[in-house]
Amino acid sequence: LGLVIRRMDAAGVYRTILAARSGRKPGEVADFAAQHPQRITPSVRTKSDAFDKNPAKWRKSIKSQVDSGRFGAMAEMLLYHARKGNKAPEVRADPNDDRVAFALAAAEQRGWPFVVHIEFASLSPRDRERFMTGFEALLRDHPGLPILLNHMGQLQAPEAERLIKAHANFHLLTAHTTPAITRESREPWTQMFDGDHLKPAWKELMQAHSDRFVFALDNVWYRHWDAFYLEQVAQWRKALAELPPAVAQAIAHGNAERLWQLEPRH
């Protein structure tokens, strides 16, 4: 965990919303955040084997974390996660699944945004349509709750624009969109960059709807913190520098501060 703070310091990142995964327990992240209260916002852990194998245990874990008062966010909810070789299994949960509703209600109760993970480009056309229909129903049913789609949902700019215009509570997290990640992966991540620059369609959309994009990296593995962190932050700094200052500030940190009710950076 010390690497997290070291990389943040080196990159000039002042706060990270952090969740536990793999062998890490939620309490470890909460303890870490207590040591660095101005730097780390701990997230309720949503990912575990119990999600499918023992839903009652999973709900109990979510409730326990939320009720503890030690967390300031809800980690992403996996609705569709494609299998990643032998590193991560496929996960499927319909947007109307009662487990999704349970986590969403907990986030809503605490005033937290709700982050979902749907890899739309990895789905078959039929499943993509089904998940999109369910996702949009979720957006409509909770108009007062900010709902964020991690990894840009693997969407292209026209579909992202359609969702932005159709749903006032729809937001996008920019994780896994830089060349540092996309060049190393066979997954169909959204490629927002052309070299060191944002692609024109994304640049135009971010300028027109700067309140809907939140800078994020989603560092899953050690190498994301170790080898790729500084490169990704540097790439985003270059890209954001090409946008109007108010737009860049909103995407870099302002929108996250507003949505998660964090102390603004001055």
Side-chain angles (χ1 to χ4, degrees), residues 4-18 36 38-41 43 72-73 76 112-116 146-183 189-219 224-225 227-266:
V4 174
I5 293 294
R6 292 196 300 274
R7 286 294 181 265
M8 290 170 63
D9 287 345
V13 173
Y14 79 99
R15 184 180 287 274
T16 292
I17 298 174
L18 190 66
H36 305 278
Q38 302 304 313
R39 308 296 302 281
I40 303 296
T41 296
S43 292
E76 67 174 356
W112 298 333
F114 192 59
V115 180
V116 302
I147 296 179
L148 293 86
L149 190 56
N150 199 12
H151 305 294
M152 307 291 288
Q154 295 182 341
L155 300 175
Q156 300 305 311
E159 183 70 340
E161 182 177 20
R162 185 189 71 78
L163 289 169
I164 286 171
K165 291 181 176 179
H167 306 282
N169 58 335
F170 172 69
H171 301 75
L172 290 150
L173 288 166
T174 66
H176 283 16
T177 60
T178 63
I181 297 299
T182 59
R183 72 179 179 230
W189 304 120
T190 301
Q191 298 190 31
M192 297 183 70
F193 287 80
D194 184 4
D196 288 334
H197 307 281
L198 285 168
K199 291 182 177 179
W202 286 116
K203 186 175 183 179
E204 181 179 340
L205 192 58
M206 295 175 101
Q207 290 185 91
H209 303 280
S210 61
D211 60 328
R212 304 299 191 89
F213 293 85
V214 178
F215 166 72
L217 295 182
D218 192 22
N219 294 326
H224 290 146
W225 288 105
F228 299 142
Y229 188 83
L230 296 179
E231 182 181 355
Q232 288 200 82
V233 172
Q235 183 127 42
W236 271 109
R237 285 190 184 280
K238 290 179 182 177
L240 292 174
E242 297 178 353
L243 299 173
V247 172
Q249 290 171 14
I251 296 168
H253 58 89
N255 293 334
E257 293 163 349
R258 170 174 53 84
L259 294 171
W260 277 274
Q261 301 176 47
L262 303 172
E263 183 179 352
R265 184 181 187 184
H266 298 292

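Small disclaimer: the values here were computed from a predicted structure and weren't measured.
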Hey, what do you get for [atom1] ([X]) to [atom2] ([Y]), rounding to the nearest 0.5 Å?
X	Y	atom1	atom2	value
R162	H167	CZ	NE2	6.0 Å
W189	T182	CH2	OG1	11.0 Å
E76	F114	CD	CZ	10.5 Å
L217	I181	CG	CD1	8.0 Å
L240	Q249	CG	CD	10.5 Å
M192	H176	CE	NE2	14.5 Å

Looking only at heavy atoms, what is the nearest atom pair of [X] and [Y], with distance?
X	Y	result
H171	P146	CE1-CB, 3.9 Å
A239	F193	CB-CE2, 3.5 Å
A10	L230	CB-CD2, 3.8 Å
P179	Q235	CD-OE1, 3.3 Å
A180	Q232	CB-CG, 3.8 Å

Is there side-chain contact between [X] and [Y], with at least one heavy-atom pair below 4.5 Å?
X	Y	value
H253	R15	no
K199	Q191	yes
Y14	Q38	no
D194	W202	no
H197	K203	no
Y229	N219	yes
I40	M8	yes
I5	R39	yes

| query | Under 6.0 Å from the CD atom of E204, do we count more than 12 heavy atoms belonging to anything else shown? | reply |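 Count not over threshold, so no.
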| query | Parallel, tilted or perpendicular: which fits the ring planes of F228 and H224, with parallel below 30° and perpendicular above 60°? | reply |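 Taking H224 first and then F228, their aromatic rings sit tilted (interplane angle of 30° to 60°).
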| request: Would you check, one step at a time, whether the test side chain to side chain donor-acceptor pair (under 3.5 Å) holds for D218 with H151? | output: CA-CA 8 Å; D218 192 22; H151 305 294; 2.8 Å; yes
| said: So, applying side chain to side chain contact (heavy atoms under 4.5 Å, CB included) with L172, which one of L148, I164, V214 is it? | reply: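 It is I164; the other options fail the test.
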